[in-house]
Amino acid sequence: MTEKCCNGCSCDKLGIVHCAVTGGVALGIIYLACWLGAAFTAMPVTHSLITFFTTAPMTSTTALAVGLCWSLIFGAWSGLVLALVSNFVSRFTRPS
């Protein structure tokens, strides 16, 4: 992903806010799909993602609300860290 630098040139940096929002939304969607699967189907899977973010009963609306909030926060944090590390490491790579 390329973004415009201050002087108008193009540089190879990941947008920190873009990655944070993307990570938060993506993990939120995955959490919601997992909760829906636990609440409305009888699939023989563990649904461990739900228990990663909340201790509420898996199919409760409390688990949906609390877990969704924490998954959005954790996803955003993960995206932010990914962008920061990628931008830092890109300083040491040689251009092709």
Just list the side-chain donor-acceptor pairs under 3.5 Å for residues 59-66, sequence neighbours left out, or say none.
from : atom 1 : to  : atom 2 : distance (Å)
S60  : OG     : P57 : O      : 2.8
S60  : OG     : A63 : N      : 3.1

Distance in Å, I50 CD1 paired with T55 OG1, rounded so as to fall on 0.5 Å steps: 12.5 Å
Pairs flagged by side-chain hydrogen bond (donor to acceptor under 3.5 Å, both in side chains) wherever residues 68-84 is involved - sequence neighbours left out: none
ILVMFWY cluster, W35 and I73 together (side-chain gap under 4.5 Å): yes
For the student: nearest non-hydrogen atoms of G24 and L72, plus distance: O-CD2, 3.1 Å
Straight-line distance of F74 CZ to F53 CZ, nearest 0.5 Å: 6.0 Å
Rounded distance (nearest 0.5 Å) linking atom OG1 of T54 with atom CG of L49: 11.5 Å
Pairs meeting criterion side-chain hydrogen bond (donor to acceptor under 3.5 Å, both in side chains) with involvement of residues 43-52, two or more places apart: T46-S48
Any residue meeting side chain to side chain donor-acceptor pair (under 3.5 Å) with T41, in chain and number order, not counting sequence neighbours: none
Spacing of CG belonging to L27 relative to CG belonging to L68, to within rounding of 0.5 Å: 9.0 Å
Gap between atom SG of C34 and atom CZ of F52 - 0.5 Å precision: 12.5 Å
Members besides M43 in its Ile/Leu/Val/Met/Phe/Trp/Tyr cluster (side-chain heavy atoms under 4.5 Å): V45
Partner set under side chain to side chain contact (heavy atoms under 4.5 Å, CB included) for L84, not counting sequence neighbours: I16, L80
N/O donor-acceptor pair under 3.5 Å between S90 side chain and N87 backbone: yes
Hydrophobic cluster of I29, others only, ordered by chain and residue number, side-chain cut-off 4.5 Å: V17, V21, V25
